[in-house]
Amino acid sequence: MEATLSKPRSDPFTAGEKQALVKLLVDDDPEVYRAIRGEIVSRGRPAAEWMRLYSLCSDPALRRRSQEIVRHFDRGEADREFLEFCQRNGEDLDLEVGCWLLARTRHPEINIEGYRAVIDSFAGALLDIIDFGAEPEGMLADINDFLFRRERFQGCNRDKATPGDGYLNQVVNERRGDDLNLGLIYLFVCQRLGLPVAGIGMPGHFLCRFQTLREEIYVDSFHKGRLLTKNACIRFLRETGRRYDERFLAPISPRQTLLRVCSNLHQVHARHGMTEERDRIQRHIIALSR
């Protein structure tokens, strides 16, 4: 995302300037477009509202370029909102709200309440399916059948992971994601159902843990809800070259979870050579690390 000037010019365009800028905005010369775009962006947020008037016009070139400018401002505003959220809240921040605000920094057009309603609908459907008097394995099997067979959520190819696999809205759209975001969907559904499920930030892999006074079961959402014992998790750690530490299987705080989401995105953007996006996410990591 292109950065705005540190101190945008606040003086409005005259009617004549607006007419001239609109004509030049669709110039075939990329250099002309960049110069005009820079001039419009330098005037700050009021210019975005003016450009929004052309974002649905019939001229394809003008529509596309005005949408690009509006999106630039909307993403900047979403970035500020997310950073303020991080600075305003502590370890027990609202993780789901944070994930949706983060998604909006990349996709400012999304309707957060609409996506939350989708998660609500998953939980609502499961209320009619789950026998809450059954053993935990039975309840988890019902959730797994719903999310991974009926709704078809699945893990992405780790070697070909894209930024889309790390933003919650795109994971909902595509029904595909990394271990962390699939685990978050599982976690948010279980929270709505009132089940004793927590996120476990095991090194190299995110799990959910269902725990009662009698037992604990680990759920691997990346592998279609595979159920694991504590010993199986310990074996995984050892097989990946890590010594077991009981902290690895302890619940991770909401803030640390959101930081991990951002860290994953930072790595993916860097791997794809998306330096502007990588640097943007770096600012989020710094805010969450304070």
Side-chain angles (χ1 to χ4, degrees), residues 89-100 116-155 168 171-172 175 177-240 242-261:
N89 294 280
E91 286 298 315
D92 292 325
L93 54 74
D94 189 319
L95 178 57
E96 185 174 352
V97 170
C99 288
W100 294 125
R116 297 192 71 162
V118 172
I119 307 297
D120 289 345
S121 72
F122 293 162
L126 281 164
L127 282 173
D128 296 328
I129 296 171
I130 295 177
D131 176 3
F132 288 92
E135 291 298 316
E137 291 85 350
M139 290 188 283
L140 294 173
D142 287 337
I143 297 172
N144 291 345
D145 183 69
F146 179 84
L147 290 177
F148 305 114
R149 186 187 64 81
R150 176 173 161 179
E151 292 299 325
R152 299 184 179 181
F153 281 98
Q154 61 181 319
L168 199 57
V171 174
V172 171
R175 297 297 199 265
D178 60 19
D179 59 293
L180 183 45
N181 278 273
L182 289 175
L184 289 174
I185 290 173
Y186 205 98
L187 177 64
F188 297 151
V189 168
C190 288
Q191 288 175 339
R192 283 163 168 77
L193 295 171
L195 296 175
V197 174
I200 304 297
M202 191 168 64
H205 207 63
F206 185 85
L207 301 172
C208 289
R209 186 186 71 190
F210 184 105
Q211 184 167 31
T212 67
L213 293 175
R214 294 187 297 110
E215 62 183 319
E216 58 185 14
I217 303 170
Y218 296 85
V219 183
D220 182 357
S221 300
F222 190 74
H223 293 100
K224 299 186 177 181
R226 177 176 60 180
L227 303 185
L228 302 170
T229 63
K230 182 176 182 178
N231 285 335
C233 295
I234 293 173
R235 283 198 302 273
F236 170 83
L237 289 167
R238 289 172 176 166
E239 288 168 359
T240 54
R242 297 177 176 90
R243 290 186 177 182
Y244 172 65
D245 186 318
E246 62 181 13
R247 291 174 297 180
F248 293 163
L249 295 182
I252 183 173
S253 75
R255 190 179 189 88
Q256 288 300 311
T257 305
L258 190 56
L259 174 59
R260 187 159 171 167
V261 174

J.: What is the minimum heavy-atom distance between Gly155 and Phe222, and which atoms define it?
T.: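 So the minimum-distance heavy-atom pair works out to CA-CE1, 3.5 Å.
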J.: Who are the salt bridge (Lys or Arg N to Asp or Glu O under 4.0 Å) partners of Glu135, not counting sequence neighbours?
T.: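 For Glu135, the residues satisfying salt bridge (Lys or Arg N to Asp or Glu O under 4.0 Å) (neighbours in sequence not counted) are Arg214.
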J.: Please round to the nearest 0.5 Å and tell me the distance separating atom CG of Asp145 and atom CZ of Arg150.
T.: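 Here the rounded value is 9.5 Å.
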J.: To the nearest 0.5 Å, what is the distance between CG on Leu228 and CD1 on Ile234?
T.: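 With rounding to 0.5 Å, CG (Leu228) is 11.5 Å from CD1 (Ile234).
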J.: Identify the heavy atoms of Gly225 and Phe148 that sit nearest to each other, and give their distance.
T.: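 Closest pair (atom of Gly225, atom of Phe148, distance): N-CE1, 3.4 Å.
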J.: Under the side-chain contact (heavy atoms from CB on, under 4.5 Å) test against Phe206, which residue among Asp178, Ile252, Asp220 passes?
T.: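 With Phe206 as partner, side-chain contact (heavy atoms from CB on, under 4.5 Å) holds for just one option, Ile252.
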J.: Check step by step if side-chain hydrogen bond (donor to acceptor under 3.5 Å, both in side chains) holds for Ser253 and Arg255.
T.: CA-CA 5 Å; Ser253 75; Arg255 190 179 189 88; over 6 Å; no
J.: Is there side-chain contact between Ile217 and Thr212, with heavy atoms separated by less than 4.5 Å?
T.: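 Side chain of Ile217 against side chain of Thr212, heavy atoms only: no contact under 4.5 Å found.
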J.: Crowded around Asp245 CG? As in, over 12 foreign heavy atoms under 6.0 Å?
T.: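 Yes, because the 6.0 Å sphere around CG of Asp245 holds more than 12 heavy atoms from other groups.
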J.: Residues in ring-ring contact (aromatic ring centres under 6.0 Å, His included) with Phe236, at least two apart?
T.: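 Phe236: ring-ring contact (aromatic ring centres under 6.0 Å, His included) contacts with His205.
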J.: Which value, rounded to the nearest 0.5 Å, describes the distance between Ile130 atom CD1 and Ile143 atom CD1?
T.: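 It comes to 4.0 Å.
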J.: Could you state the interatomic distance from CZ (Arg243) to CZ (Phe248), rounded to the nearest 0.5 Å?
T.: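 The CZ atom of Arg243 sits 11.0 Å away from the CZ atom of Phe248.
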J.: Indicate the atoms forming the closest heavy-atom contact of Val97 with Asp94, along with that distance.
T.: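 Closest approach of Val97 to Asp94: N-OD1, 3.1 Å.
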J.: Whether the side chain of Arg175 engages the backbone of Glu151 through a donor-acceptor N/O pair (distance < 3.5 Å, no angle test) should be reported.
T.: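 Such a contact is found between Arg175 side chain and Glu151 backbone.
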J.: Enter the distance from Tyr218:OH to Leu140:CG here, rounded to the nearest 0.5 Å.
T.: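 Those atoms lie 13.0 Å apart.
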J.: Taking it one step at a time, do Leu258 and Cys99 satisfy side chain to side chain contact (heavy atoms under 4.5 Å, CB included)?
T.: CA-CA 7 Å; Leu258 190 56; Cys99 288; 4.2 Å; yes
J.: Decide side chain to side chain contact (heavy atoms under 4.5 Å, CB included) for Leu227 and Val219; before the verdict, give the C-alpha distance in whole Å, the side-chain angles of both, and the deciding distance to 0.1 Å.
T.: CA-CA 5 Å; Leu227 303 185; Val219 183; 3.8 Å; yes
J.: Would you indicate whether Glu91, at its atom CD, is surrounded by more than 12 heavy atoms from other residues, nucleotides or ligands within a distance under 6.0 Å?
T.: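 More than 12 heavy atoms, drawn from other residues, nucleotides or ligands, come within 6.0 Å of this atom.
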J.: Could you check whether any side-chain N or O of Arg209 sits under 3.5 Å from a backbone N or O of Leu249, counting only pairs where one atom can act as donor and the other as acceptor?
T.: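 A pair under 3.5 Å: yes.
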J.: May I have the list of side-chain donor-acceptor pairs in residues 182-204 shorter than 3.5 Å, sequence neighbours left out?
T.:
{"from": "Tyr186", "atom 1": "OH", "to": "Asn144", "atom 2": "OD1", "distance (Å)": "2.8"}
{"from": "Arg192", "atom 1": "NE", "to": "Asp120", "atom 2": "OD1", "distance (Å)": "2.6"}
{"from": "Arg192", "atom 1": "NH1", "to": "Glu96", "atom 2": "OE1", "distance (Å)": "3.0"}
{"from": "Arg192", "atom 1": "NH1", "to": "Phe188", "atom 2": "O", "distance (Å)": "3.2"}
{"from": "Arg192", "atom 1": "NH2", "to": "Glu96", "atom 2": "OE1", "distance (Å)": "3.3"}
{"from": "Arg192", "atom 1": "NH2", "to": "Glu96", "atom 2": "OE2", "distance (Å)": "2.9"}
{"from": "Arg192", "atom 1": "NH2", "to": "Asp120", "atom 2": "OD1", "distance (Å)": "3.3"}

J.: Output the distance between atom CG (Leu147) and atom CZ (Phe153), rounded to the nearest 0.5 Å.
T.: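 One finds 6.5 Å between CG of Leu147 and CZ of Phe153.
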